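Notes follow the structure.
These numbers come from a predicted model, not from an experiment. In listed order, ligands and their atoms are each counted from 1.
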Amino acid sequence: MPLLVEAEWLGLKDKETEHSIARLFVLPLLGIGVVTLADWMNFLLEGDHMYTFVLLLQYTTPSAVLLGAIASLRGYAEEAICMSKSGQLNTPSMAVAYPQFFGTKKVDTSLMVSSSSSVSPVILSQDELKKVAAYKAVEFVESGMVVGLGTGSTAKHAVDKIAELLHSGKLKNIVGIPTSKITHEQAVSLGIPLSDLNKHPIVDLAIDGADEVDPQMNLVKGRGGSLLREKMVEAATKKFIVIVDESKLVNYIGGSGLAMPVEIVPFCWEFTLKRLEMLFIEAGCVGKLRTAGGSGGEEPYVTDNGNYIIDLYFKKDMGDLKDASDAILRLAGVVEHGMFIDMATTVIVAGKLGVSVTNKL
Ligand SMILES: O=C[C@H](O)[C@H](O)[C@H](O)COP(=O)(O)O
């Protein structure tokens, strides 16, 4: 019986609490009830107390309940969805389970069925979802490729996986182009051969996270401070795969209410901040200098390129994104902004109901 149903009986709202209560209390009580009823109706082997005991044990221990939930992974499916340039979604074309995340050799793939089956109640943490999206993206990496290595907590999983495949010999002759100093350090520590855009001006494939993804696959990036190098590398790539967990999906750019970063030169940054706010006065835009470090955390955050970041917060939709982009870039003092408009070719979203792969045609 689906766990969600029991949770609904209890009138619970929070999904993780629902699932925990359902797994740890409701299901065991139901199990006891079913076994007791079966015993009372003489459905069990008469006089075989050990058999009854084992049945009760199976249905009441949390680990057994958890194993049942893991088995229900068969409902965890992936949909490959094609999206047209106009942003219309077409019918899902394929469905498989999460082999790369749970997938270790222990997974019984015979349990995997299509996404049209039941919805799995198994809860993944946000970091696990990021890993699912990242591992899926790495399936697109082929030997001999020049690969843009993104920055952030999601992209980090992709870099780890690429290194693992290189060491196991499943991938060969990969050249990585890191999008930040921190990714450079990670890749060096993992032994991934690296280069740069000077030597490799054309990148085959880039994999990176994002802070927001809108329905047209436009992005906000740079809350981790790496937007400039990311944009340089990802503008030079043939295929740009964005990897996110579902919390990053927004109806419109700026729609999360969180920062849209703009990298600026430090010179007279307050002047640039005010000019940025003025551009979007109708959208209720407020700008803040990003700070980090210092004894009180009040020192300006300095990017890998020696610049500052102004984080813009919008109360309303900023309107046409290309117009907004042009207006920002026309301001002297602005180096780059974190809107990645029409750049992603594939978006991989890992959510609690599965992972979707959306390609821009
Ligand atoms: O500057 C940071 C990058 O744009 C990241 O890709 C972005 O902030 C997403 O990071 P995360 O995967 O940690 O959410």
Side-chain angles (χ1 to χ4, degrees), residues 101 124-138 147-162 176-187 203 205-214 217-237 239-250 253-264 288-292 300-313 325 328 334-351 355:
F101 184 67
L124 298 183
S125 69
Q126 190 179 26
D127 191 55
E128 287 166 336
L129 292 175
K130 290 177 181 188
K131 195 183 274 189
V132 167
Y135 284 16
K136 181 67 197 164
V138 174
V147 182
L149 305 175
T151 301
S153 55
T154 317
K156 181 179 176 298
H157 292 303
V159 176
D160 283 342
K161 188 69 182 172
I162 289 170
I177 313 287
T179 55
S180 63
K181 287 183 182 170
I182 194 161
T183 301
H184 185 279
E185 282 166 22
Q186 183 196 1
V203 178
L205 175 79
I207 301 174
D208 204 352
D211 302 303
E212 291 186 9
V213 180
D214 81 1
M217 296 167 62
N218 298 311
L219 319 171
V220 168
K221 287 181 54 53
R223 287 186 196 150
S226 308
L227 64 105
L228 177 58
R229 295 189 187 193
E230 289 177 338
K231 198 173 270 190
M232 288 179 72
V233 173
E234 286 145 19
T237 189
K239 188 173 174 72
F240 174 25
I241 305 180
V242 176
I243 47 176
V244 289
D245 68 88
E246 62 190 350
S247 71
K248 306 293 184 65
L249 302 180
V250 294
I253 288 302
S256 68
L258 301 175
M260 197 286 276
V262 181
E263 183 157 343
I264 64 164
K288 286 188 185 145
L289 178 73
R290 192 178 297 185
T291 54
Y301 172 87
V302 178
T303 69
D304 285 351
N305 319 297
N307 296 315
Y308 289 177
I309 286 186
I310 301 294
D311 286 317
L312 298 182
Y313 298 86
S325 166
I328 295 172
V334 166
V335 180
E336 189 50 86
H337 60 71
M339 289 188 288
F340 284 46
I341 304 166
D342 211 14
M343 288 178 65
T345 58
T346 300
V347 174
I348 298 180
V349 183
V355 58

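If you look at V244 next to ligand 1, there are no close heavy atoms at all, none under 4.0 Å. Contacts between S180 and ligand 1 below 4.0 angstrom, taking non-hydrogen atoms only, are absent altogether.
Not a single donor-acceptor pair under 3.5 Å links the side chain of D311 to the backbone N or O of M260. Looking at D211, its side chain does come within 3.5 Å of a backbone N or O of G222 through a donor-acceptor pair.
Contact check for I177 versus T237: no side-chain heavy atoms found under the 4.5 Å cut-off. Counting only heavy atoms from C-beta outward, the side chains of V349 and V213 never approach each other to under 4.5 Å.
Selection from D304, L228, D211, L227 by nearest heavy atom to atom 8 (O) of ligand 1 gives D211.
For atom 3 (C) of ligand 1, the nearest non-hydrogen atom of the protein is E230 OE2, 2.9 Å. Taking atom 5 (C) of ligand 1 as the reference point, the nearest protein heavy-atom neighbour is T151 O, 3.1 Å. Regarding atom 12 (O) of ligand 1, its nearest protein heavy-atom neighbour is T154 OG1, 2.6 Å. The protein non-hydrogen atom at the shortest distance from atom 14 (O) of ligand 1 is K248 NZ, 2.6 Å. In terms of protein heavy-atom proximity, atom 13 (O) of ligand 1 is nearest to S153 OG, 2.5 Å.
Each of the atoms 1 (O), 8 (O) of ligand 1 lies under 4.0 Å from some heavy atom of R223. In the vicinity of G209, heavy-atom distances shorter than 4.0 Å reach the ligand 1 atoms 6 (O). Listed by atom number, the atoms of ligand 1 under 4.0 Å from S226 heavy atoms are 1 (O). Short contacts between ligand 1 and G152, defined as distances under 4.0 Å to a heavy atom of the residue, involve ligand atoms 13 (O). Atoms of ligand 1 found under 4.0 Å from any heavy atom of D208 (numbered from 1 in listed order, with element): 6 (O).
A side-chain contact (heavy atoms from CB on, under 4.5 Å) with T154 is found for exactly one of I243, I348, V244, namely I243. With E212 as reference, R223 is the one residue of R223, K248, K221 to meet the side-chain hydrogen bond (donor to acceptor under 3.5 Å, both in side chains) rule.
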Test side-chain hydrogen bond (donor to acceptor under 3.5 Å, both in side chains) on D245 and S247 and set out the steps. CA-CA 6 Å; D245 68 88; S247 71; 2.5 Å; yes

Check against side-chain hydrogen bond (donor to acceptor under 3.5 Å, both in side chains), T179 and T151: CA-CA 6 Å; T179 55; T151 301; 2.7 Å; yes

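Counting non-hydrogen atoms of neighbouring residues, nucleotides and ligands closer than 6.0 angstrom, the CG atom of L249 exceeds 12 such neighbours.
Any N or O atom pair closer than 3.5 Å counts here, and G222 shares at least one such pair with ligand 1. Looking at G224 next to ligand 1, an N or O pair under 3.5 Å apart turns up.
Residue contacts with ligand 1 do not include G150, since none of its heavy atoms lies under 4.0 Å from the ligand.
Checked for salt-bridge contact, K131 and D127 miss the test: no charged N lies under 4.0 Å from a carboxylate O.
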